[in-house]
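Single-structure report; data block below.
The chains referred to below are lettered A, B, ... by the order of the sequence lines, with proteins before strands, and numbering in each begins at 1.
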Amino acid sequence: MSDIYINLDASKDMTYNAIVVGSGISGGWAAKELTEKGLKVLMLERGGDYRHVRDYNDSSVFEREHRSKATIAESIIRPDIVTWMQKEQVMKSWVDETKEGKYTEVKPFKWVRSYRLGGRSTLWGRQSYRWSDLDFEANAKEGIAVDWPIRYKDIAPWYDHVEKFVGISGSAEGLSHLPDGQFLPPFELNIVEKQAQKNLAEKLNGRRMFIGRVANLTKPVEGRLNCQFRNRCWEGCHFGAYFSTQSSTLPAAAKTGNLSLAVNSLVTRVLYDKDSKKATGVEVLDTETNQTYEYKSKIVFLCASALNSTWVLMNSATDVWEGGLGSSSGELGHNVMDHHYNLLTYGRMEGFKDYAEFGNRPTGIYIPRFANVGNDKRTAYLRGFGYQGGAAKADWSRGSNMPGFGADFLDDISKGGDWNFRLMAFGEVLPDHSNKITLDRENKDPWGLPVLSMDAELKANEMAMRKDMMEESVAMQEAFGAKDIIRIDQGHDMGHGIHEMGTARMGRDPKTSVLNSNNQVWDAPNVFVTDGACMTSASCVNPSLTYMALTARAVNFAVESLKKQEL
Amino acid sequence: MDRRKSLQYISTLMGASFISAELFITGCKPAAEKTDVSDTTENINFSSELALLSSIGEIILPASGKHPGFKAVNGGEMLVTLLNDCYTSEQQQMIQKGLKGLSDGEGLAGEIAKLDAAYFDATTPADQKPVFYGALKEAILLSYFTNEKVMTEVLSYVKVPGKHDGSMKVDPEAYTTVYGFGA
Ligand SMILES: Cc1cc2nc3c(=O)[nH]c(=O)nc-3n(C[C@H](O)[C@H](O)[C@H](O)COP(=O)(O)OP(=O)(O)OC[C@H]3O[C@@H](n4cnc5c(N)ncnc54)[C@H](O)[C@@H]3O)c2cc1C
Ligand code: SF4
């Protein structure tokens with residue numbers, strides 16, 4: 001694949017049909033679709049190279065210097081990386097603030113970034129669900145923010161399109177608010193989850209729980225093997241058994257012969273031409289040499305991840321609009337959203353002592369939203385939440401929470417313990433104009449560029465929802481038959497859900513939105529933003545599959561428009 | 001979080017490695033709080049405590065007919081590495097202070113028994129809990145159970161399982177946790 005890599009200064013004068021900014025989940029899709037439609041594409045990635053298989057970690061726990069525990073030295077340069085993400089084997093994947101710069105926090109914020117080829121596509125949890133009209137109609141029905149300019153029927157064929165390529169395992173459940181897709185065979189619930197599933201439906205009026213839908217292969221596809229049950233996906237999968245830029249979209253784009261890729265290439269701004277009212281290309285900073293270059297193209301796809309794409313827009317065309325390209329509506333940078341979480345319950349499931357699990361399944365259970373769905377009406381808040389989790393047999397680490405020591409203690413904790421059920425809630429965050437990001441021109445990154453300033457928090461609707469998320473979690477544990485239920489609410493800083501969305505929303509009116517229904521910037525129609533920035537509301541459902549579908553849909557529109565010479 | 005309350009519910013638990021004694025040694029700061037970037041004080045090197053740490057480990061996880069002991073798998077060296085590199089200076093100081101009260105010798109087992117009882121006794125007032133002991137116990141378990149010999153011989157670690165069976169019948173008296181620490 002090395003032939004796709006280019007060195008910026010060796011190809012200084014080159015012009016492309018399309019430029020894609022960012023190589024993560026969204027950028028990978030943009031590059032694949034654009035190159036497959038015959039366009040010559042330059043993909044620009046600010047981070048360094050991270051090659052499929054060659055650069056993956058394959059050590060066993062016992063081979064690691066700190067046995068998977070992150071060191072303090074690695075942690076203090078990555079203050080946002082806490083709890084389960086803070087693991088030795090992935091620490092180097094996350095942004096080092098001393099090298100990439102800090103951002104400013106008006107209110108506490110966590111920005112979980114990975115700047116390298118593939119972005120967070122190699123690190124993600126792969127949970128993949130369709131959104132529905134429960135989501136796309138909600139703003140209009142409730143008079144919140146602005147209406148989505150699309151409905152489920154507009155995106156459904158694009159979900160089909162991306163799912164067939166990605167490979168999503170899951171079970172068809174026939175739910176209109178969590179539509180079924182093009183599924184590979186599902187992973188299997190374990191014995192305790194099966195019992196809990198049955199008990200939940202019996203005790204709570206048919207409430208649903210099923211295996212999480214994930215972008216992990218249960219059957220091999222071309223060039224990729226099926227999952228081998230190691231559940232170490234975020235260290236990179238040697239079998240290519242889960243979807244990432246590296247395993248999937250990059251090889252497909254490279255195969256066309258139409259892709260050029262430059263790493264260490266930070267896009268600083270979109271070049272804007274006042275006369276044609278269009279972008280002419282982008283400015284790129286080579287992070288290794290500090291040189292800047294200008295690249296020309298007919299269209300630009302901003303896929304740098306939600307807040308970074310908005311950062312690029314804010315830095316662009318500032319001679320025309322002080323707030324940057326796309327700011328004419330006054331909404332650029334506003335309506336930051338996330339999924340609020342850090343709400344957990346644990347319960348001990350009695351019995352099943354003589355059962356265990358073999359293999360590490362790369363997914364858990366999913367409980368789709370039920371609050372404010374159909375006849376279920378909650379008075380304290382709008383929207384709803386879903387749950388992920390699962391049952392597992394306790395391992396030796398329970399010993400540090402148990403009294404005792406000596407030979408019998410060692411023997412006891414070496415054996416499998418009780419099964420425990422864990423539930424983790426993910427709640428929707430409403431779009432709110434006052435939740436915003438701005439450019440902080442006082443504080444600069446290591447290249448002298450202004451940093452983002454984060455000013456966003458959970459509001460009353462989310463706080464009311466959190467209470468219910470916990471109560472419902474406990475009620476479901478009780479329905480499972482769990483004992484000794486523990487509740488943990490660690491609080492939620494915006495961003496920590498790693499589903500940061502909004503800041504350049506889609507809409508129907510250029511006066512109140514940044515992008516139109518085809519993800520075109522109203523102020524520069526040959527610039528497309530197809531990552532999380534474009535979202536008009538947040539749903540409570542993991543968003544990345546929707547970024548993929550919107551990206552493929554926007555590429556199709558862009559190429560059709562180019563053919564008709566409308567761009 | 002109220003230390004006592006959290007300790008109570010944690011002692012009714014479970015093998016969830018992310019509910020850990022670290023909750024206490026960080027003064028029960030919610031685990032979701034940002035890493036403290038101001039931790040710049042000089043690191044403590046625990047190499048000089050190797051003998052004592054190895055002995056504490058061997059008391060908690062001794063050799064038996066069934067299992068190798070903490071010393072046999074060089075648990076002490078691993079423990080020193082963890083304490084040196086993975087604990088903040090605040091945590092290190094607390095552990096060092098705790099170790100000062102112990103000496104490697106005949107009385108050590110009795111001291112450990114007292115510490116273990118006090119740490120897990122829900123009636124011990126929060127400010128009198130030997131928090132350092134909880135942290136040490138966790139690090140000792142980690143050092144031992146992630147050892148190659150222990151993982152492959154005591155536990156049944158398989159690098160590439162290749163398949164999944166969520167309803168595997170086992171003899172609970174003989175079955176060891178295969179995937180301690182998420183492989
Ligand atoms: C641990 C973890 C678990 C997750 N689990 C799930 C899940 O289960 N389901 C789900 O739907 N989502 C999940 N997510 C979120 C998911 O990873 C993101 O939604 C997704 O990666 C977003 O894709 P993206 O392409 O927009 O951004 P990214 O994947 O972050 O890629 C953006 C890329 O752009 C580059 N870039 C940034 N700025 C510039 C610039 N100025 N110039 C050039 N390049 C630039 C970055 O370096 C990066 O490579 C998870 C994330 C993490 C970290
Ligand atoms: S669990 Fe499956 S997809 Fe994940 S790393 Fe292992 S083999 Fe690959």
Side-chain angles (χ1 to χ4, degrees), chain A residues 60-62 65-73 75-76 78-80 82-84 187-191 228-232 342 346 348 353-361 393-407 410-411 414-417 420 422 484 486 490-491 496, chain B residues 9-18 20-21 30-35 37 39 59-62 64 66-67 78 81-82 85-88 112 116 120 137-138 141-142 145-148 151 154-155 159-170 172 175-183:
Chain A
S60 291
V61 181
F62 47 76
E65 196 184 346
H66 301 95
R67 305 278 176 85
S68 301
K69 214 170 154 58
T71 64
I72 295 301
S75 301
I76 59 176
R78 300 176 178 86
D80 289 8
V82 295
T83 64
W84 56 275
F187 287 97
E188 222 184 297
L189 296 178
N190 63 42
I191 188 161
Q228 302 297 309
F229 297 99
R230 306 174 72 189
N231 195 14
R232 289 173 48 183
N342 285 329
Y346 288 87
R348 189 168 54 80
K353 273 231 171 264
D354 47 351
Y355 285 95
E357 191 157 16
F358 181 82
N360 295 293
R361 198 183 52 186
K393 208 174 172 72
D395 63 32
W396 52 265
S397 63
R398 71 187 187 279
S400 41
N401 299 319
M402 280 165 54
F405 58 93
L410 167 53
D411 193 36
S414 300
K415 293 176 197 158
N420 297 291
R422 163 169 173 259
D484 305 328
I486 292 166
Q490 298 173 319
H496 199 189
Chain B
Y9 63 55
I10 284 186
S11 56
T12 61
L13 268 176
M14 97 180 343
S17 45
F18 49 84
S20 79
E33 214 158 273
K34 286 205 182 203
T35 303
V37 293
D39 185 65
I59 290 166
I60 294 177
L61 305 172
S64 69
K66 252 174 131 174
H67 303 302
M78 191 61 232
T81 303
L82 291 177
D85 298 346
C86 304
Y87 290 80
T88 63
I112 296 299
D116 198 81
F120 287 101
K137 188 170 179 179
E138 180 177 291
L141 261 54
L142 178 63
F145 281 102
T146 57
N147 172 274
E148 178 168 9
M151 280 188 77
V154 177
L155 311 174
K159 189 163 180 175
V160 184
K163 62 172 185 156
H164 172 246
D165 179 0
S167 314
M168 180 170 71
K169 203 74 174 134
V170 295
Y175 173 75
T176 55
T177 43
V178 186
Y179 297 112
F181 220 63

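In this structure, A:Ser414 OG and B:Lys66 NZ are separated by 8.0 Å, a value rounded to the nearest 0.5 Å. Rounding to the nearest 0.5 Å gives a distance of 13.0 Å between CG of B:Leu155 and NZ of A:Lys415. Note that OG of A:Ser400 and CG of B:Leu142 are 9.0 Å apart. Values are rounded to the nearest 0.5 Å. Taking NZ of B:Lys163 as the start and CZ of A:Arg361 as the end, the distance is 15.5 Å to the nearest 0.5 Å.
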Problem set entry | Audit row: A:Phe229, B:Asp165, side-chain contact (heavy atoms from CB on, under 4.5 Å) steps and yes/no | CA-CA 10 Å; A:Phe229 297 99; B:Asp165 179 0; over 6 Å; no
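Side-chain contact between B:Thr146 and A:Trp396 is present, with at least one heavy-atom pair separated by less than 4.5 Å. Using a 4.5 Å heavy-atom cutoff, the side chains of A:Lys69 and B:Tyr87 are in contact. Using a 4.5 Å heavy-atom threshold, the side chains of A:Tyr355 and B:Met168 count as separate. At a threshold of 4.5 Å between non-hydrogen side-chain atoms, the residues A:Phe405 and B:Pro62 do not count as touching. For the pair B:Lys34/A:Asp80, a side-chain contact is recorded, criterion being any heavy-atom separation below 4.5 Å from C-beta on.
For chain B, the option among A:Ile191, A:Asp411, A:Asp354 with the highest count of heavy-atom pairs below 4.5 Å is A:Asp354. In terms of non-hydrogen atom pairs under 4.5 Å with chain A, the most contact-rich of B:His67, B:His164, B:Glu148, B:Lys169 is B:His164.
Residues meeting the ring pair (Phe, Tyr, Trp, His ring centres under 6.0 Å) test with A:His66, sequence neighbours left out: none. A:Phe62 pairs by the ring pair (Phe, Tyr, Trp, His ring centres under 6.0 Å) definition with B:Tyr157, not counting sequence neighbours.
If you measure heavy-atom distances from A:Ala356 to chain B, the contacts under 4.5 Å come from both the backbone and the side chain. For a residue to count as touching a neighbouring chain, one of its non-hydrogen atoms must lie under 4.5 Å from one of that chain's; by this rule B:Val170 touches chain A with backbone and side chain alike. When heavy atoms are compared at a cutoff of 4.5 Å, B:Ser64 approaches chain A solely by way of its side chain, counted from C-beta outward.
For the residue pair B:Lys137 and A:Met402, the shortest heavy atom distance occurs at NZ-O, 2.6 Å. The shortest non-hydrogen separation linking A:Glu65 to B:Asp85 is OE2-OD2, 4.3 Å.
Formation of a donor-acceptor pair under 3.5 Å by the A:Arg230 side chain with backbone atoms of B:Pro161 is not found in this model.
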